[in-house]
Visitor: 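One structure is given below, represented as structure tokens, and several questions about it will come after.
Order of the sequence lines sets the chain letters (A, B, ...), proteins ahead of strands, with each chain counted from 1.
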2 protein chains.
Amino acid sequence: MGTHYRGSRHEINALNAYIKLMRAANSITGRLAKGLKPTNLTMTQFSILETLYHLGPMNQRTLGAKVLKSSGNITLVVDNLEKSGLVRRVRSRSDRRFITVSLTKKGKETISEIFPDYLFLIVNEMEIIDDNELKTLENLCKILGLHKREDDKLILEKSY
Amino acid sequence: MGTHYRGSRHEINALNAYIKLMRAANSITGRLAKGLKPTNLTMTQFSILETLYHLGPMNQRTLGAKVLKSSGNITLVVDNLEKSGLVRRVRSRSDRRFITVSLTKKGKETISEIFPDYLFLIVNEMEIIDDNELKTLENLCKILGLHKREDDKLILEKSY
DNA sequence: AGCTAATAGTTTAATATAGAATAGCTTAAA
DNA sequence: TTTAAGCTATTCTATATTAAACTATTAGCT
């Protein structure tokens, strides 16, 4: 098996924390995705609908920054949402480079119906640790998330 | 924008912690993936090489459980690793359903060269919080990760 | 022995994803 | 005004990802 890692106490701690962090994120994401399945929406589709729902219409570039996805990816996912009749694209007349994506009536109805259930799932996942611990976790993750990167906002961020 | 969320203090805390947790995980994963880029390996390819390197040859089913990916996915990624000459497939003679995946000489050399650098990146990401905090984070994430799920091991897990 | 269950892996279809190349549009500079 | 530079979105390529259908193989039961 070759060279196993022999680091300082601090390095080992860092590594273990990393592993548990990733496991928690993967694990929760997996369960939430499963909860989303009956809706026939993928995670990214949901994120986009949710962002438009809470922050209003915006162009694809901004949308990509919000949901942390590449512009090419946004094009595809918005394509699919458009095919499903959940969003609409309107090219700006003042600056024809921009395309504003907005929810259709159907899209609005869909997300407004799904969102509360999704919130419930999230709270359900997290509430096994108490308020102090939630605050602690939030603060530690905030530090780690910002490390060498102050750009790109996050999804649900401004909505509450 | 319609109904914003109005929940209890506890629910709000849960939600905020969730958002920060996901942001941290995404953010770190993104930076690590970028660090991996010069090697021309994807995250999943790296995970598979790393698992084989530290835990030894194993069949695809087990491999999938370790890296938390579907069996169809494993087939594809192992295909690509095989094309690159990094892993080898051998069908078991005792039970011809099983295929044992192992590292080639080239695969062993590759992962043993990359792995220390990758470890360094991880430690570098995490070490901005101190030992106590790392321990706290680890414990909280352990609880969240296990919530309603005791299966599937994790990658680096058994290696140190 | 022969039928049935289960199990490992592959294939397929649909979606996701990043990144690079490209096309169209706008603005600023020459 | 024409050109250059920069920006937005799309396209293309390659890989990832899951779920479901399918194949091959084995194990268990009668």
Visitor: I need the CG-P distance between A:N40 and D:dT18, as an integer number of Å.
Guide: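 Taking atom P of D:dT18 as the reference, CG of A:N40 is at 17 Å.
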Visitor: Apply side chain to side chain contact (heavy atoms under 4.5 Å, CB included) to residues A:V77 and A:K69 and explain how you reach the verdict.
Guide: CA-CA 10 Å; A:V77 180; A:K69 296 291 147 74; over 6 Å; no
Visitor: Distance check needed: C:dA16 C1' versus A:N80 CG, whole Å only.
Guide: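 Nearest whole value for this atom pair: 9 Å.
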Visitor: Given side chain to side chain contact (heavy atoms under 4.5 Å, CB included), test A:L55 with A:K66 step by step and report yes or no.
Guide: CA-CA 10 Å; A:L55 303 185; A:K66 296 288 180 200; 3.8 Å; yes
Visitor: How is B:R61 classified with respect to the nucleic acid when contacts are heavy atoms under 4.0 Å: base, sugar-phosphate, or nothing?
Guide: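 Base contact - B:R61 has a heavy atom under 4.0 Å of at least one base atom.
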Visitor: In this structure, how many angstroms lie between the P atom of C:dG9 and the CD atom of B:Q60, rounded?
Guide: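 After rounding, the gap between these two atoms is 5 Å.
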Visitor: Should D:dT26 form a Watson-Crick or G-U wobble pair with both distances under 3.5 Å, which nucleotide is its partner?
Guide: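 The answer is none; no pair meets the criterion.
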Visitor: Hey, does A:T44 reach any base, or is it just sugar-phosphate, or nothing, if we go heavy atoms under 4.0 Å?
Guide: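 Sugar-phosphate contact only - A:T44 comes under 4.0 Å of backbone atoms but never of a base.
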Visitor: Is D:dG6 paired to anything, Watson-Crick or G-U wobble with both distances less than 3.5 Å, and if yes, which nucleotide?
Guide: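 Across all strands, the one nucleotide that pairs with D:dG6 is C:dC25.
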Visitor: Nearest whole Å is fine: how far is C:dT15 P from A:L76 CG?
Guide: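 Checked: the CG to P distance equals 8 Å.
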Visitor: Would you please confirm or rule out a distance under 4.0 Å between OP1 or OP2 of C:dT10 and any side-chain N or O of B:R89?
Guide: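 For C:dT10, OP1 or OP2 has a side-chain N or O of B:R89 closer than 4.0 Å.
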Visitor: Please classify the nucleic acid contact of B:I74 as base, sugar-phosphate, or nothing, using heavy-atom distances under 4.0 Å.
Guide: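 Since no nucleic acid heavy atom lies under 4.0 Å of B:I74, the category is nothing.
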Visitor: Decide, yes or no, whether a salt bridge links B:R88 with B:E82 under the criterion of side-chain N to carboxylate O below 4.0 Å.
Guide: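 Not counted as a salt bridge, because no side-chain N and carboxylate O are separated by less than 4.0 Å.
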Visitor: If the glycosidic angle sits within 90 degrees of zero it is syn, else anti. Tell me which applies to C:dA5.
Guide: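 C:dA5: syn glycosidic orientation.
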Visitor: Round to a whole Å and report the spacing from CZ of B:F98 to P of C:dT10.
Guide: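 Rounded to whole Å, this separation is 13 Å.
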Visitor: Roughly how far, to the nearest 0.5 Å, is CZ of B:F115 from OH of B:Y53?
Guide: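 Reported to 0.5 Å precision, the distance equals 8.0 Å.
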Visitor: Taking the side chain of B:D95 as its heavy atoms from C-beta onward, which of C:dT17, D:dT25, C:dC25 lies nearest to it?
Guide: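 My answer, after comparing the listed nucleotides, is D:dT25.
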Visitor: Of the nucleotides C:dA16, C:dT10, D:dG6, which has the atom closest to the A:R97 side chain?
Guide: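 So the nucleotide nearest the side chain must be D:dG6.
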Visitor: What is the distance from CG of A:N73 to C1' of D:dT15, rounded to the nearest Å?
Guide: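 About 13 Å, once rounded to whole Å.
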Visitor: Just to confirm, is there a sub-4.0 Å distance from OP1 or OP2 of C:dA20 to any side-chain nitrogen or oxygen of B:K37?
Guide: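 B:K37 to C:dA20 OP1/OP2: side-chain N or O found under 4.0 Å.
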Visitor: Could you tell me whether the side chain of B:I122 reaches within less than 4.5 Å of the side chain of B:E125, counting heavy atoms only?
Guide: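 Result no, sub-4.5 Å side-chain heavy-atom pair not found.
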Visitor: Could you give the CE-to-C1' distance, from A:M58 to D:dT8, as a whole number of Å?
Guide: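 Those two atoms, CE and C1', are 16 Å apart.
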Visitor: Using whole Å, report how far CZ of A:R91 lies from P of D:dC7.
Guide: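 Atom CZ in A:R91 sits about 18 Å away from atom P in D:dC7.
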Visitor: What's the closest nucleotide to the A:T42 side chain, out of D:dA16, C:dT15, D:dA9?
Guide: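 Out of D:dA16, C:dT15, D:dA9, the nucleotide with an atom closest to A:T42's side chain is C:dT15.
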Visitor: From D:dT10, D:dA16, C:dG9, pick the nucleotide closest to the side chain of B:T75?
Guide: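 Nearest nucleotide to the side chain: C:dG9.
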Visitor: At 4.0 Å (heavy atoms only), tell me whether B:T100 reaches a base, stays on the sugar-phosphate, or touches nothing.
Guide: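 Counting heavy atoms under 4.0 Å across all strands, no contact is made by B:T100.
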Visitor: Please tell me which of A:G72 and A:R93 maps to the more 5' nucleotide of DNA chain C, matching each residue to the nucleotide holding its nearest heavy atom.
Guide: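 The residue mapped nearer the 5' terminus is A:G72.
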Visitor: Are the charged groups of A:K106 and A:E109 less than 4.0 angstrom apart, N to O?
Guide: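 A:E109 and A:K106: not salt-bridged.
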